[in-house]
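Structure first, commentary second.
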Amino acid sequence: MASSSTSFVPKSFKYDVFLSFRGEDTRTNFIDHLYYALQQKNIYTYKDDEQIKKGKRISDELIGSIEDLKFHIIVFSKNYVSSSWCLEELVKIMELHKETEHTAYPIFYDVEPSEVRKQSGAVGEAFSKYEKEEAAGKWRKALKEVANLAGWELKKTSDGHEAKFIKKIVEEVSLELRSINFSIDEKLVGMETRIKDVLSSLGATSYDVCMIGIKGMGGGGKTTLARAVFDQIACQFEGRSFVENVREVSNVSLSGLKSLQSQVLSDILNDQGIHVSSVYDGKNMIKRMVRGRKVLVVLDDVDHIDQLEALAGDPTWFKPGSIVIITTRDEQVLVAHGVKLIHNVNLLLDKEAICLFSRYAFGREIPIQGYEELSWRVVRYAAGLPLTIRVLGSFLCGKNELEWIDALERLKTIPLTETLKKLELSYIGLEEDYKEMFLDVACILKGRPKDHAIKVLESCGFHARNGLRVLEQKSLITINDISGRERVSMHDHVEEMGRNIVRRSHPNMPCKHSRLWTKEEIEDILVNDLGTEATRCMRFYMWRVNTEIVMKGLQKMKELRLLDVSLKLTDESKRDCFRRNWELHKFPNTLQYLRWHNGPFTSLPKISQKNNLVAHGMVPWGGGERKILTKLRFLDLSYPMLRTLDLGLTPNLETLTLGRCGDLVELHMPVACIKLRFFHISDSNLRTLDLGSAPNLELLHLDKCWELVELRMPGRCLNLRSFKLKHSKLRTLDLGSAPNLELLDVDECWDLIELYLPGGCLHLRSLKLEHSKVRILDIGMTPNLEYLGLKNCYDFEELHMAHECQKLTSLHVSHSKLRILNLGLTPNLEKLDLGNCFDLEELHMANECQKLTSLYISHSKLKTLDLGLTPNVERLDLNECYNLVELHVPIGCLKKLVYLNLSGCLRFRSFVFKINDCSVDESLEVSLLAELHLIAESLERCPIHPDNNLPKFQFTCFYKDDLPSLTRNLEKLVSFGLCSCTNLEEFSASICGLQRLRKLKLKGGIPEAPKDLDQLGCLENLIFSSTKIKHLPDNICLLKHLKSLKLKSCWLIEKLPENLGHLECLEKLTLSSTMVNHLPDSICMLKHLKSLKLIFCWLLEKLPEHLGQLECLQKVTLSSAKIKYLPYSICMLKNLKSLKLKYCWLLERLPEDFGRLKCLEKLTLSSTKIRYLPDSICMLKHLGSIELNHCTLLQKLPEDLGQLECLKELILMRCTDLRVLPNSICKMKCLKHFLLRYCIRVEGLPEEIGHLRCLKELDIEGTCISHLPQSILLLKGLHVLGSRALLQSFGLTSEIQTSEDERICYIKFVAKEGLLLNQVQKLPSSKKAFEAAVSQPPPPAAEEVEEKPKPKVENAPVMEKPKLPSPPPI
């Protein structure tokens, strides 16, 4: 059963506050006033003299009450401690206070905290009589503890005024309770962020009367959100009222509004005797009686302006600071009442929805096992609507899986009644024409573009723009921007509600429905000739139905006004049949909108002269009877098979859309098309287009008119706002007659040579001319131009702009022949792209471009550039500007830079700069550090100063920063010039002057290290690679924050600074390919060193004797050194995890105390003279890997090696002198990889190798092993690599596989799982007998490892042949 107990409900309390006090001191004065004030704030308070029932033992009930309260207020008066009863209360309270659910607050009424703490003064006198009592000790402790808590002292608060003192106490308790009460309702999900959104809106108007509307669809959580906000802030107000169901109550009777007015007054004034005689009287009473109070009022489910005028007519009715929250489905009610703050309720996200559903269905926050997918099906059906989620959660709670499935299947055909009733309230309140529009959207138009929906609805006689707005305000539809186009959307349940309204009058007779949209129902009606006059609208996709049946069936639908059909006829015979039926049958005269997508028609079917067609997607030309369609306003044709189109038959046409008219070659406009405003053609073969008869065009879009060579525009085209021309063969375009153009987009017109614009385009906002042959462009006066794009106009040479382009924000002139560009006054320019303008020599800016953030001038011939004119630039690309010799970089001009590319600019072979995170808080003081990688390459001569004697370098530079605004590093890097002549002192100063540098990498022909490296106080990582540096400066030891020092291929460095040990933060030291012959002894002072790598240090002869002092050292790697022995102190490295000794040809032994390295996990010895391993190695309980490679003198392994219980890898490669393996190896329970490759003297394996239950890889290639122990058959999934002869000797010929070069053979054992060696008395001698023995396997052993990793050996896949490299020569 799908049920579970709840485990997340926080502890709830019977009361809010407990008052502990001495009655004789304060009951009739202070306590009485405090109790009344708390009650007024709806804080449920326990006071013993009123709450204890007669006949009960006071002590038992009082103790229980203390435990059942969240807050305890202890009022200390002079005689409080004289009562043992009060002291026992205090002890119990302090015990509870130590728990998280309870809080104690002391009030020091007429005593001081120190008197309570020390039991002195009046408190001491009162307590003195208990000095000999057994409980005195615990009472003293409790008094001391409570006196140390934060509380209130009357004498020091509000100047001792009791009334103000009590008010302050109540306010603070209310604030504490607010967060507690808010968390009590465990069924609230996702409310925290929604409440914060509302409260943030309220916070902006805290000193005024604030009216805020919460708007959303029915069941969307408006009331829940309003209630949660109310509960959160109610305690801050002098009066409060939550008025539920305003719509329902006010509409039930004539006295409904009066009763609501009475409720508001009664709640706020806390007076149930208020009577309202009339609505008018109620308004005056609210204005008069509430004006002096700061109140919180919630009016829930308002649907008419009269309700607001009666209950909250004007902000002046309330005291400043008051808040009125109004929930409604109708936004217009809020707008009409002047409500400025309107908050839309967001539906639940998927994670919130599954949590809410789980709480109602399972009593927990996630579905129980087995019901996860079913739960997600419910959530997907609910689509974020809280009402549906709660209803279904409660309904499914406790039901079994089959009942769940049945309920979900039912929802597919029978909607959830409770949800639909709630949603339909919004529909009921609509006027009749809006109801019709809503049903059209729900059944036909949902998801369509808004402009298309307007066109359809207007064609049907509706006032669509206003109607859609009303539906949106009523929360019945939403207008969403999807991919840059507004579309009409609605919630799935609202759609379901609308369609249910259409169906419910005749649920089983679709032919009597006013709207049809289900393909199966439509096909049934048409095939069975069931069409009726009831059908008003129909939309369907026709795939299989005979066209004759369709056309005949439509004639019975005499009242059809909207028909939307999509056709797919791939067979030519079906197309011919369609055309014949198309010409024989008539459409109903009532038809106002007709769209027939993909129809292979060439003419309009027969339509009466009295037709009402306003919009259609048919063709009124090319065959059949010619009719003038005087009512036709919208014509939309997609994929028509027409060659000509005569607009003379559509004198009132407003919109013409011809999509993918590949056969269209002629368009006639014999008479003036005065009303034609929108003209859009795509994918046509028109060669000429004469628009002279369409003077009122507003939008002209010609897309993919591949053959268009001539376009004639009207003599005056004053209304044209948007013109787009793409993919044409026009050579000349004259738009001189369109002075009011706002958008001009010409693209992919490769033959276009000339473009003429009006002398002044005062309204032009965007001009895009791309991929053309235009050479010169004069844009004239364009004061409103914001975007100018001239990309990929490869012949473009001249651009003439007005002296001022105040609104221009983006200019693109890439890939052109432009030589000179004068920007004039362009103060709002944000992006300038002159990339790949190979001839550009001059760029003139009349003034600073303060807003310019992106500047791209790659591959130009610019010689100088003043970055002082672009102080806020963020992205600067000067890539391959070979002629750039001067870059003016004033201080502060690069403070916002996040990307810079100077690659190819003389000094820099490559220069890339980037910012990690531009959003970093500038107030932070840590982790805001920079990184510099600099590679120097020596040059023979400088192209600018060929006779200069300074060293010449070309740099590859990569600079990265976390926060550029706090540093001038970048300015320093580029300020030392673009010439390759390098003054080493200036170069050093530039590097060492970088602020906050965290990482510095210097590579290449740099002859010396920067001298003042100690100035880089933040440096953490320092790398020298392949440099010509001979020594490191001693001041490197002053880098207090350096964590990593790496010297790689610095062959001239022979020694390290003697004081290297002063690098107190150093964690990683790496020397690779250097001539260093010894390490300074001070290295042993590096207390934080974790990694020491000495690679290819050919001259290094020894390590420091006190190396063991490096307590934090975890990894040591020593390669290609002359070291003969390791210092004995190395055994003191208690944190060492990895030790690698490679190519140390002279190393003969390891220290005998090697077993003291208790944390060692990996040991690697390669190419050494070691003959044996110390026996103490068997003590390394954490050792997981031993690799001995090319240890040709190694003769034996320790006998007790099997004690290494954690060992997973034992790799013995080319240990040519090794003969015998210790039997204890078979005790290694974790061993997975055992390699003996080319250990040529090893002749056998331990007989009990079958005990290695985790073994996955055994490599015996190149050994002298002649047979395998039969116990090996116990190892499931083991890969064995060896010679074919060896494997064949075991009788497993058919299982042998080979690598691609056929030099390596392997087998994989697939033994029965769980076989134990000690349960088989005698291992069978053949494979067949073995398989019989294991056909009934015993249970797996308790110690068997469950982990089943993939084998490490890449050479042994199960399904494919391995690709092993050829074995190297021995």
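Quick caveat, the model's predicted, so the values are computed rather than measured. Any value given below was found using the heavy atoms of this structure, including those in side chains, with hydrogens, waters and symmetry copies removed.
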Which pair of heavy atoms, one from [X] and one from [Y], lies closest together, and at what distance?
{"X": "Glu848", "Y": "Pro871", "value": "OE1-CG, 3.9 Å"}
{"X": "Leu1039", "Y": "Leu1063", "value": "O-CD2, 3.5 Å"}
{"X": "Cys1191", "Y": "Leu1165", "value": "SG-O, 3.6 Å"}
{"X": "Arg1156", "Y": "Cys1131", "value": "CB-O, 3.6 Å"}
{"X": "Leu865", "Y": "Leu884", "value": "N-CD1, 4.1 Å"}
{"X": "Ser1129", "Y": "Leu1107", "value": "OG-N, 3.3 Å"}

For this session: With side-chain contact (heavy atoms from CB on, under 4.5 Å) as the test, would you mind laying out the steps for Lys1048 and Ser1072 before giving the verdict?
Result: CA-CA 5 Å; Lys1048 181 179 179 181; Ser1072 176; 4.3 Å; yes
Nearest 0.5 angstrom please: [X] [atom1] to [Y] [atom2], how far?
{"X": "Glu880", "Y": "Leu878", "atom1": "CD", "atom2": "CG", "value": "11.0 Å"}
{"X": "Leu876", "Y": "Ser854", "atom1": "CG", "atom2": "OG", "value": "10.0 Å"}
{"X": "Glu931", "Y": "Leu1000", "atom1": "CD", "atom2": "CG", "value": "10.0 Å"}

Can you tell if the side chain of [X] reaches within under 4.5 Å of the side chain of [Y], non-hydrogen atoms only?
{"X": "Met845", "Y": "Leu829", "answer": "no"}
{"X": "His1062", "Y": "Leu1038", "answer": "no"}
{"X": "His812", "Y": "Tyr856", "answer": "no"}
{"X": "Ser814", "Y": "Lys791", "answer": "yes"}
{"X": "Ile1023", "Y": "Lys999", "answer": "yes"}
{"X": "Leu862", "Y": "Leu834", "answer": "no"}
{"X": "Ile1036", "Y": "Leu1045", "answer": "yes"}
{"X": "Cys1050", "Y": "Ile1029", "answer": "no"}

[X], [atom1] atom: more than 12 neighbouring heavy atoms under 6.0 Å:
{"X": "Tyr794", "atom1": "OH", "value": "yes"}
{"X": "Lys863", "atom1": "NZ", "value": "no"}
{"X": "Glu1111", "atom1": "CD", "value": "no"}
{"X": "Lys1124", "atom1": "NZ", "value": "no"}
{"X": "Lys1068", "atom1": "NZ", "value": "no"}
{"X": "Asp1034", "atom1": "CG", "value": "no"}

Exercise. Under 4.0 Å between a Lys/Arg side-chain N and an Asp/Glu carboxylate O for Arg819 and Glu841?
Worked result: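 A salt bridge is present here (some side-chain N lies under 4.0 Å from a carboxylate O).
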Problem set entry | The single option from Leu1118, Leu1094, Leu1146 passing side-chain contact (heavy atoms from CB on, under 4.5 Å) against Ile1123 |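 Testing each of Leu1118, Leu1094, Leu1146 against Ile1123, the sole residue satisfying side-chain contact (heavy atoms from CB on, under 4.5 Å) is Leu1118.
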For this session: May I ask you to decide if the ring planes of His859 and Phe838 are parallel, tilted or perpendicular, using 30° and 60° as cut-offs?
Result: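 If you compare the ring of His859 with that of Phe838, the planes turn out tilted.
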Quick check: does any side chain N or O of [X] sit under 3.5 Å from a backbone N or O of [Y], one acting as donor and the other as acceptor?
{"X": "His1233", "Y": "Ile1211", "answer": "no"}
{"X": "His1088", "Y": "Glu1064", "answer": "yes"}
{"X": "Ser1120", "Y": "Tyr1143", "answer": "no"}
{"X": "Thr1027", "Y": "Ile1006", "answer": "no"}
{"X": "Asn828", "Y": "Lys851", "answer": "no"}

Exercise. Where do Leu1056 and Ile1083 land on the side-chain contact (heavy atoms from CB on, under 4.5 Å) test, with the steps shown first?
Worked result: CA-CA 10 Å; Leu1056 300 178; Ile1083 196 176; 5.9 Å; no
Ignoring hydrogens and angles, state whether a donor on the side chain of [X] or [Y] is under 3.5 Å from an acceptor on the partner side chain.
{"X": "Gln850", "Y": "Asn872", "answer": "yes"}
{"X": "Glu1209", "Y": "Ser1185", "answer": "yes"}
{"X": "Asn883", "Y": "Lys861", "answer": "no"}

For this session: Determine, step by step, whether Leu1032 and Phe1024 satisfy the side-chain contact (heavy atoms from CB on, under 4.5 Å) criterion, reporting the C-alpha distance in whole Å, the side-chain angles of both residues, the deciding distance to 0.1 Å, and the verdict.
Result: CA-CA 10 Å; Leu1032 298 179; Phe1024 294 98; 3.8 Å; yes
Exercise. ring-ring contact (aromatic ring centres under 6.0 Å, His included) with Phe1096: which residues, sequence neighbours excluded?
Worked result: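 Checked Phe1096 against ring-ring contact (aromatic ring centres under 6.0 Å, His included); matches are Trp1098.
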For this session: With side-chain contact (heavy atoms from CB on, under 4.5 Å) as the test, would you mind laying out the steps for Ser858 and Asp877 before giving the verdict?
Result: CA-CA 6 Å; Ser858 62; Asp877 190 344; 4.1 Å; yes
